[in-house]
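Structure first, then comments.
Letters A, B, ... mirror the listed sequences (proteins, then strands); counts begin at 1.
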Amino acid sequence: MPELPEVETITKQLDKSVSGKKINEAEIFVPKIVKNSKKEFEKIIFDAKIKKIGRRAKLAIFELNNGWSLLIHLKLTGQLIFNGEKNKHTAVIFNFSDGTRLIFNDLRKFGYIKPIKTEDLNDFFEKEKIGPEPLSEKFALADFKNILQKRPKAKIKQFLMDPKSIAGIGNIYADEILFASKIHPLRRNQDLSTEEIKNIFKNIKKILAKAIELRGTSVENYVDAKGQKGEFEKKLKVYGREGEKCVKCGGEVKRIKIGGRSAHFCPSCQK
DNA sequence: GGTCATGTTAATCC
DNA sequence: AGGATTAACATGAC
Ligand SMILES: [Zn+2]
């Protein structure tokens with residue numbers, strides 16, 4: 001499932017391969033993916049050029065040259081593949097004027113494309129109360145401490161995964177960050193020591209950066225914009241390793257449910 | 001064929 | 001008011 005490193009990988013690749021191209025048409029195979037009527041959507045993209053492609057939280061942002069931007073969320077199983085082949089999960093195809101195309105596949109159909117005026121982008125993220133970008137230089141230890149204090153009772157695992165506390169961290173990276181930080185996922189924010197907070201903060205930056213370097217993690221059906229799997233999967237220490245040996249202590253990796261989501265951790269390494 | 005997995009959000013309770 | 005909790009969404013894998 002695409003989290004921050006996966007969406008960052010895809011948007012960086014697409015910014016290189018697709019920016020500057022003119023959209024001829026969009027073929028819509030799954031109407032609910034597009035948050036407008038077909039007519040409205042066609043009007044927005046008609047003759048539009050893609051100026052640049054960026055990311056905020058887990059959202060890809062396609063900025064067009066006509067005042068509109070397209071927000072694209074891949075949710076669990078979305079794929080954006082440049083010059084990909086249509087398959088039975090293809091929801092939308094953008095055809096460009098030079099004969100190339102961009103394929104949006106979505107097996108579970110949770111993803112969406114939402115046009116928004118470019119000038120309204122900032123308001124949108126503010127209104128939705130999306131948390132800070134963890135890799136931004138503006139996101140400092142003091143900020144992290146601050147937002148932890150605002151929700152003292154929250155369990156750290158759920159807190160890390162909540163897009164309204166910090167943007168872009170999902171189940172995989174939350175589990176990996178807590179393992180690297182030796183913190184039990186059920187710990188509450190108010191019980192974390194200054195040293196532990198510092199450690200979690202450091203690992204948020206470190207693990208997300210490393211995952212981007214390796215073009216993300218392929219679980220479920222994630223591929224990047226070139227259709228290739230990510231390499232961070234090989235670096236996973238706890239996620240998806242229930243019952244296997246902890247790489248650090250040899251103990252057994254456990255899986256529990258926290259807020260309806262699975263949390264993987266090593267009970268002897270994480271306290 | 002029932003359960004599980006997943007990100008986000010709506011609904012509900014406190 | 002807004003945090004916590006839970007269900008809902010879709011569908012393939014088991
Ligand atoms: Zn261990």
(request) Indicate yes or no: does Lys138(A) engage Glu133(A) in a salt bridge with an N to O separation below 4.0 Å. (result) no

(message) Listing request: all ring pair (Phe, Tyr, Trp, His ring centres under 6.0 Å) pairs with a residue in residues 111-141 of chain A, at least two apart in sequence or in separate chains.
(response) His73(A)-Tyr112(A), Phe139(A)-Phe201(A)

Measure [atom1]/[X] against [atom2]/[N] and give the value in whole Å, please.
X	N	atom1	atom2	value
Lys150(A)	dG2(C)	NZ	C1'	13 Å
Asn171(A)	dG7(B)	CG	C1'	10 Å
Lys127(A)	dT9(B)	NZ	C1'	14 Å
Asp162(A)	dT9(B)	CG	C1'	11 Å
Ile72(A)	dG7(B)	CD1	C1'	17 Å
Leu74(A)	dT8(B)	CG	C1'	13 Å
Phe159(A)	dG3(C)	CZ	C1'	12 Å
Lys75(A)	dT9(B)	NZ	P	6 Å

(message) Would you say the ring centers of Phe232(A) and Tyr222(A) fall short of 6.0 Å from each other?
(response) no

(message) Counting the atoms with a prime plus P, OP1 and OP2 as sugar-phosphate, which does Thr77(A) contact under 4.0 Å by heavy atoms, base, sugar-phosphate, or nothing?
(response) nothing

(message) By the 4.0 Å heavy-atom rule, please label Lys129(A) as base, sugar-phosphate, or nothing.
(response) nothing

(request) Report yes if a side-chain nitrogen or oxygen of His73(A) is closer than 4.0 Å to either non-bridging phosphate oxygen (OP1 or OP2) of dG7(B); otherwise report no. (result) no

(message) dT9(B), OP1 or OP2 - any side-chain N/O from Lys164(A) closer than 4.0 Å?
(response) yes

(request) Taking the side chain as every heavy atom from C-beta outward, state whether Pro185(A) and Lys155(A) have any pair of such atoms under 4.5 Å apart. (result) no

(request) Please check if any side-chain donor atom of Lys22(A) sits under 3.5 Å from a side-chain acceptor atom of Asn65(A), or the reverse. (result) no

(message) Looking only at the side chains, is there a donor atom on one of Asn221(A) and Thr77(A) sitting less than 3.5 Å from an acceptor on the other?
(response) no

(request) Produce a footprint string for nucleotides 4-14 of chain C: one letter per nucleotide, 5' end first; B if the base is under 4.0 Å from any protein heavy atom, S if only the sugar-phosphate is, - if neither. (result) SS--BBBBS--

(request) Dump the intermediate steps for side-chain hydrogen bond (donor to acceptor under 3.5 Å, both in side chains) on Asn83(A) and Thr100(A), then the final yes or no. (result) CA-CA 6 Å; Asn83(A) 278 339; Thr100(A) 58; 4.7 Å; no

